[in-house]
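No hydrogens, no waters, no symmetry mates; every other heavy atom, side chains included, goes into these values. Reminder, nothing fancy here: chain letters follow the sequence lines and each chain counts from 1.
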2 protein chains.
Amino acid sequence: MRMKTAYSEEEKRFLRDLGNTIKHYRTLCDLSQEKLAFASNLDRTYIGSVERGERNISVINLNKIATSLNIKPSELMKTA
Amino acid sequence: MRMKTAYSEEEKRFLRDLGNTIKHYRTLCDLSQEKLAFASNLDRTYIGSVERGERNISVINLNKIATSLNIKPSELMKTA
DNA sequence: GTGTGACTTGTAGTCCGTA
DNA sequence: CTACGGACTACAAGTCACA
């Protein structure tokens, strides 16, 4: 667990939704967290915590992940 | 100036585009950087550097800005 | 293959200015 | 009103061992 930061309920939901969306597209691509991590040049556990909505990811990393999933970053924010 | 970080050309362009998009919507809303900063609960100088593409903004703040501009965060990533 | 806690380092983000 | 600098503080980035 990370989440020392006190986010509002709305922000927590926002991050959770984002994580779920990433997971959704990842499984569509038939990728494990490990493989996505490798493709995005990020750490396996980092991807995991992002998917769980524990991280306030920056747009550069969001872009990296989107690229590895063959989608646009805006696709990942659609739920918001 | 901040920008010590060595981003790739692609990433720099990504951040610049994002900044320009924010500026575009901000002027559409007839807001100054100061007013947008106040509405988003962010710093005046921070908004400025984001618009100049000097910052790798996090998704929470992207969401805050989008909300203040009455648009969805995905609208801000359209160019990417 | 994934979840989690603990940790260090870099930078996101704040606040004071000047032009 | 905006760009930009210096000097901070808070937190994202990134890694690890172990369940």
Quick check: does any side chain N or O of [X] sit under 3.5 Å from a backbone N or O of [Y], one acting as donor and the other as acceptor?
{"X": "A:N56", "Y": "B:I60", "answer": "yes"}
{"X": "A:S8", "Y": "A:E11", "answer": "yes"}
{"X": "A:S32", "Y": "A:K35", "answer": "yes"}
{"X": "B:R44", "Y": "B:E34", "answer": "no"}

In whole Å, what is the span from the [atom1] atom of [X] to the [atom2] atom of [N]?
{"X": "A:N56", "N": "C:dT11", "atom1": "CG", "atom2": "P", "value": "17 Å"}
{"X": "B:I47", "N": "D:dA3", "atom1": "CD1", "atom2": "P", "value": "12 Å"}
{"X": "B:N41", "N": "C:dA12", "atom1": "CG", "atom2": "P", "value": "20 Å"}
{"X": "B:N20", "N": "D:dA3", "atom1": "CG", "atom2": "P", "value": "11 Å"}
{"X": "B:I60", "N": "D:dC11", "atom1": "CD1", "atom2": "P", "value": "12 Å"}
{"X": "A:L42", "N": "C:dG10", "atom1": "CG", "atom2": "C1'", "value": "15 Å"}
{"X": "B:E54", "N": "C:dA12", "atom1": "CD", "atom2": "C1'", "value": "13 Å"}
{"X": "B:L62", "N": "D:dA12", "atom1": "CG", "atom2": "C1'", "value": "15 Å"}

Review point. Checking all strands, does A:D43 fall into the base, sugar-phosphate, or nothing category for heavy-atom contacts under 4.0 angstrom?
Key: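 Base, at least one base atom sits under 4.0 Å.
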
Review point. Heavy atoms under 4.0 Å, any strand shown: does A:E34 hit a base, just sugar-phosphate, or nothing?
Key: base

N or O in side chain of [X] less than 4.0 angstrom from [N] OP1/OP2:
{"X": "A:R26", "N": "C:dT2", "answer": "yes"}
{"X": "A:Y46", "N": "D:dA13", "answer": "yes"}
{"X": "A:T45", "N": "C:dT4", "answer": "no"}
{"X": "B:N61", "N": "C:dG13", "answer": "yes"}
{"X": "A:R44", "N": "C:dT2", "answer": "no"}

Point to revise | Given DNA chain D, 5'-ward residue of the pair B:G48 and A:V50, judged by closest heavy atom | key: B:G48

Study note, to complete from the structure: Per nearest nucleotide of DNA chain D, the residue lying toward the 5' end, B:S58 or B:E51, is B:E51

Review point. Counting only distance, no hydrogens or angles, is the base of D:dA3 paired donor-acceptor with the side chain of B:R52 under 3.5 Å?
Key: no

Practice item. I would like to know whether B:K12 and B:E9 meet salt bridge (charged side-chain N to carboxylate O under 4.0 Å, His left out); could you show each step before the answer? Key: CA-CA 5 Å; B:K12 283 187 211 167; B:E9 289 308 314; 3.2 Å; yes

Check your understanding: Mind checking who D:dC1 pairs with, Watson-Crick or G-U wobble, both distances under 3.5 Å?
Key ->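 Per the H-bond distance test, none.
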
